[in-house]
Structure formats: C-alpha cells, structure tokens
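Beneath this line is the structure, given in structure tokens, with notes to follow.
Because the structure is a prediction, the values reported are computed rather than measured. Order of the sequence lines fixes the chain letters, A, B, ..., with proteins taken first and strands second; residue numbering starts at 1 for each chain. Reckoned from all heavy atoms, side chains included, excluding hydrogens, waters and symmetry mates.
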Amino acid sequence: MLKLIKFFSLSNIYKLLHRVLRDIKSGLIDIYLPLFLVPALTLLIVFQLIPTIWAIWYSFTDIELLGRKLFEYNFIGFENYSDLGEDPIFWKSMSVTMEYCIYSLVIRFTIGLAAAFYITSKMRIAKYIVALLLLPYTIPGTVIPYIWLSMLDTRYGTLNRLLALVGLPPQSWVYRRAMESVIMINCWAGYIMAMLILASALKSIPEEYYEVCEIYGASRLFRFLHITLPLIKYPLILCIILIFKEDIDDFTYVYMFTEGGPHYRTELLSLYAYHKAFAYYELGYGCAVGVIVAIIVFLLTLAQIKLSRIA
Amino acid sequence: MYKGFLKNITEPSLEVLRYVILIAMLFYILTPLVWLFITTFHPRGGPYLEIPEKPTLENFLILFGIVKMRVGAAAHPVYMHKWLLNSFIIAITTMIIVVVLSAMAGYALSRLKFRGKSILMASLLIIGFMPTIAKLLPLYKLCIMLGFINNLIGVAIVVASGALPVQIWIMKGFFDHIPRDLEEQAWIFGCSKLSALFRVVMPAAGPGLMVVAFFSFLAGWGNFTVPLILIRTETLFPVSLGIASVFLHHPGEIGLAVEYGPLCALSLIYALPSIILYYLTRRYLMHIKLARIEVGV
C-alpha cells in the first residue's frame, strides 16, 4: 500500500515525467514511438469498437427501446437471427440493398475513373474541370436531398422540363422510379473520393512508361490494360472497398427522400435496421440486422483483397 | 495501310467522344448547382429553373432574422449565427483532433516494424464496418456516461473517431514516401530525433496534413447522425440539424413545406467554408498517397 502511494506521489510522477522528457531529448524516442499510436487507438476503441461489441451483445437479447424491456432484457440466443430468416421484408430489403450497392458502385466508380482521367490529362481546361467536379463535395449531405427533390419534382422539376425539351413524357421520379432517383442522388456527390484517390495514383505513374509505349506503337487499350491498370491497382481496390462500405452504411438520402417507400422498394438494410430499432422499438432485432450487414461487408472486403492478390 | 486508315478515323472521333462525355458529366453535376445558385437570389423560388427578373438578397436577410419568413416555417425560430458558430466549433475541433492523431499514428505505423502490423492496418479499416445505425444506442449510452450530451466537443470527438481510420491510411501513405535518409541526415547533423521530426519530417509531410485537414473538416462540418443523437438544445444545433429542424417536418415528406429561397441561401452559406478550404488545399488534393494494401489475411 505504502509502495503504491509512493509510486503515485506527486514528486514521483514529476520524476518520471522528467525522465521521459530527458529520454526524448537525448534521442531515445524510438522507445516512445509506439506511444504515438496510443491516442488514436484509444479513440477508436472507445467510440468504435466498444459500441460495436455492445451492439453485437444486444443482437442476442430481446431488448426494446420503450417500456420495461429496456432495462430487464433477457439473453435469447440466436432467436433474432432465426426470425430474420423468415422475415420477407428482410429478404426484400436484402435484394434492394444489393441492387442499390452494385449500381451505385459501378456508376460511382466509372464516373470517378473518367473524372480522374480528365483532370490528369493534358487538356488546357483540366485545371478548371477539377474545380467544377469538386463542387458537389462541398455541398453538405443534408442539403443534397432538398436540391434533388426540386430537380425531380414531377410537375415543375428541372429534369422533367429537360425531358420535355427532348420530347419525352414526364416521369414520376420519386414514386415510380424511386430506386433510380436514389442511385442518381447517391452518385452525384459520391464519386469524388474515388476521383481524388485515382487521380493521385494516375499522377504518380512515371511519364517514361507512356513514352516507351509511344515508341513501340502500343494501342490505347494495351496501354490502359498493361501499364495504367497494374500501377493503380492498390488505390483502385481501396476505392472499391471504401465506396462499398459507404453505400451499405449510409442511409441519409433514402431516409430523407423516400423513407424506404413505395412498397419497401428503397428499404435498404441500414434503413431497415433503423426502422426496426427506432420506429418499431425492437432494438435487439435492429442490432441483428446491423450485425448481418457488418458480416456481409467484412466478407466482401476479404474477398476483394483476396481477389486482388490472385490477380 | 488498313491499320493507318482505321487510326485516322478513330483518333478524331475518340477526341470528339471525349468532349461529349465530359459535357454530359458536367451537365449532370452542374445543373443542380446552377439551380441552387439562381434560386438563392430569386424572390419567389420554386423547384423550377428560372432566372429571376429582379434578383434579391431578401433570402439571406430572412435567415439572419432581419426579415420575417412569409409562411409555413414562420413559427419556427432560426438561430442562424449560433448554428454557424456551433458547426464551426465542431468542424475545427474535429479537424484538430484528426490531424494531430492521424499524423502521430501514421508516423508510428510508417516507421515501426512489428509483427501483426498489416493486421492492425486491416483492422483499422474493418473496425468501422458495423453500420452506424446499429451502433447508435450503445454510443448514446456511452455518451451519457461521458457527459457528451449537449456538448459540442463531445460531438467532435465522436465524429473524429469515425473519420480517423481512412485518414490514418492516407497519412501513413504520405510518411511512407518520405525517405528515411532525410531523417538520418538530420540526426547526423546533430538534430535530436524529436526535433528532426518537427523540422524535417513534418514540413515534408505538409501536403498530407493539408489533405487530412480538408477531409476531416468536411466530416465535422457536414455530419448529421452524431449531432442528431447527442444534441438536444436548439441553440446548440449545428447547421445540418438546424436545416432539418426548420425545413424537414416529417421524414419522407420534405418538399411539402419547403421555402425554397431561404433554404437555398442557407445551403450556399453552409457550402461557403468548405469551398474556401478547398481553394486553400486544392494544390495538394491531387497528390494523395495511399498506403499499400499488404494485408495477409
């Protein structure tokens, strides 16, 4: 006991601090380099890992958001998960999510790659194109649904006016074509991370490689497949992983735009988890949906990394 | 000869195709922005794209409470200057936390060699894969314990923890590209390791710090979900929540009671700081260096 008090006494702490500072000054910092990791890891563990584990625990209980069950909940094993298997809305929302993610991924990635090529090309207007293409990123996420709602308005919306100019009939975007509209909104500001990462990767490719191609008369396709693609492989995979994670996780647009609407046609899994947990108060069930989503993302990420190693 | 003929045809048409695709892309991206800009100065804004005959600044005056709002949301108070200040506090704090912590962690991860480093890097990415929405209630309970309710700094810390993993990856990439020789030379010339870090490595990693600052500022500035669960008092709302509280009456029914003019003015003010920050960091954004994926799972 006395030892403990002695150890934590002010003079001892002061002495320890003094020693640490002296060691840092005299160049023994290598010992303290791991300490640099500590703050970031603490933050991540407290605010990311602990809630995750907590949510996994909830998914095995019958906790509810309202009433007695919020405090007196029981461990029920895998019941939530077996209920999920028989839930038609869950499977519906699973297929909806897959559709949404695949289309979003393809479009966001294609636009991002194309944009990256434009802004790294030797066109004279490239500098201005960057500024224009980055603008959507500066529009905050809560504002984007409002902007697009006005674009997609059936009677007065700009998009239908443009369609009328071409001679096409107006579309009921928000109701009849809910999925297309949501994907369109998601891709509008979603390509920018991919664009920046890929453009940086393209810029880091040495110019000489292309000059050699020029000398040997290689075609554009050859140049792309055998020089550009292998050299930007790693950023490319990371891009795909990040985009996929964002798509499956983020439900702001669906939430504000269609609320899962018409007939669960835009009910993404994350939105379904939210509805279950906060609208029907079945928190345990909602957490189970969340865990399923996390497992899917985890497996797909592993698969992408594995595939990239084989290729 | 045949090949040359084909090339003569495809080269110019490819060139034309390039511009066509570019124009289509810019059209898709810019139309909503043009609408936003025009409606801001429109006295009676609506969903239609229409150039006003008499552009006004009335919409801005409505926001700052100098002129009363006409209908609909009139009953709801708009604390624009307070919301802006709150957003600034959250965004700047997030930025400082993320820049400092990711620089430290990125440097350590770049210079240290230890077993399981690649697994640590991979788990950094995977740690955030649980959907935010499932984590909401545990996070809420945790924040009650820590006293983060109605606390702007608390919001910033939570937002920062979400933004950290990707920023650590970016920062590590930048540090990996700074040669070790540079540091070693500084040591030979009598720099201590710490002063070498601050005098040689940090200036060389300057672009990386700028990029991370840009991304983390935007993460704090635009975040919606975290303040939604942590902030209760209306005067402590950031702008993102403020917009929703004034203009979103029921989720899924936006647009029914929207006053387009003030909303657009608000969006424009809201977007302005990020545009300025982009302008300051634009030189570095094209040179992001990512850490390579060397995951051995």
Side-chain angles (χ1 to χ4, degrees), chain A residues 24-25 27 29 33-34 36-37 39-40 43-44 47-49 51-52 54-55 118 132-136 138-143 146-151 153 156-158 196-197 199-200 203 234-235 237-238 245 249 252 255-256 258-259 261 270 273-274 283 287 290 293-294 297-298 302 305, chain B residues 21-22 25-26 29-33 35-36 46-49 101-102 104-105 107-108 111-112 126-135 137-139 142 158 161 164 168 192-194 221-222 224 240 243-244 251-252 254-255 263 267 270-271 274-275 278 285-288 290 292-293 295 297:
Chain A
I24 289 177
K25 267 186 195 157
I29 197 175
L33 206 52
F36 277 18
L37 275 172
L43 209 61
L44 282 175
F47 292 104
Q48 301 287 325
L49 197 63
T52 305
W54 209 336
Y118 280 118
L132 290 179
L133 288 180
L134 265 172
L135 272 181
T138 57
I139 304 287
T142 23
V143 177
Y146 293 111
I147 298 178
W148 272 96
L149 202 88
S150 72
M151 287 289 111
D153 194 272
Y156 304 112
T158 310
L196 287 176
I197 292 176
S200 308
K203 273 217 159 169
Y234 289 106
I237 293 156
L238 193 69
K245 197 250 152 187
D249 184 27
T252 326
Y255 173 72
M256 295 181 83
T258 61
E259 177 89 296
S270 48
Y274 173 81
L283 198 67
C287 284
V293 175
V297 178
F298 180 68
L302 276 193
I305 292 174
Chain B
I21 293 174
L22 178 66
M25 232 162 71
L26 285 180
I29 287 151
L30 292 183
T31 320
L33 293 172
W35 173 82
L36 181 72
Y48 37 83
L49 190 66
L101 294 194
S102 71
M104 283 163 72
Y107 182 69
R111 294 297 186 252
L112 278 177
I126 288 164
I127 207 169
F129 276 176
M130 189 80 178
T132 325
I133 210 65
K135 278 187 298 198
L137 194 89
L139 204 61
L142 201 72
V158 176
S161 79
L164 257 180
I168 291 177
S192 76
K193 288 197 176 173
L194 202 62
W221 185 248
F224 178 71
S240 56
I243 292 177
I254 55 169
L263 175 68
S267 319
Y270 195 14
S274 24
I275 292 175
Y278 157 67
L285 285 177
M286 297 269 289
H287 300 284
I288 298 170
L290 280 174
R292 301 187 98 208
I293 303 180
V295 188
V297 254

Which heavy-atom pair separates B:Met25 from A:Tyr118 by the least distance, and what is that distance? CE-CD1, 4.1 Å
For A:Trp54 and B:Leu142, work out which heavy atoms get closest and say how close. CZ3-CD1, 3.9 Å
Minimum heavy-atom distance B:Ser274-A:Thr138, with the two atoms named: OG-O, 3.1 Å
Under the side-chain contact (heavy atoms from CB on, under 4.5 Å) rule, what do A:Leu135 and B:Ile29 come out as? Steps first, then yes or no, please. CA-CA 9 Å; A:Leu135 272 181; B:Ile29 287 151; 5.9 Å; no
I need the B:Leu101 CG to A:Leu44 CG distance, nearest 0.5 Å. 9.0 Å
Heavy-atom proximity to chain A below 4.5 Å, by part of B:Leu26: side chain
Below 4.5 Å, heavy-atom pairs only: which of A:Leu49, A:Leu134, A:Thr52 has the largest tally toward chain B? A:Thr52
Apply the test side-chain contact (heavy atoms from CB on, under 4.5 Å) to residues B:Leu33 and A:Ile139: give CA-CA distance (whole Å), side-chain angles for both, the deciding distance (0.1 Å), then the verdict. CA-CA 9 Å; B:Leu33 293 172; A:Ile139 304 287; 3.8 Å; yes
Where B:Leu164 and A:Ala40 come nearest, the two heavy atoms and their spacing: CD1-O, 4.0 Å
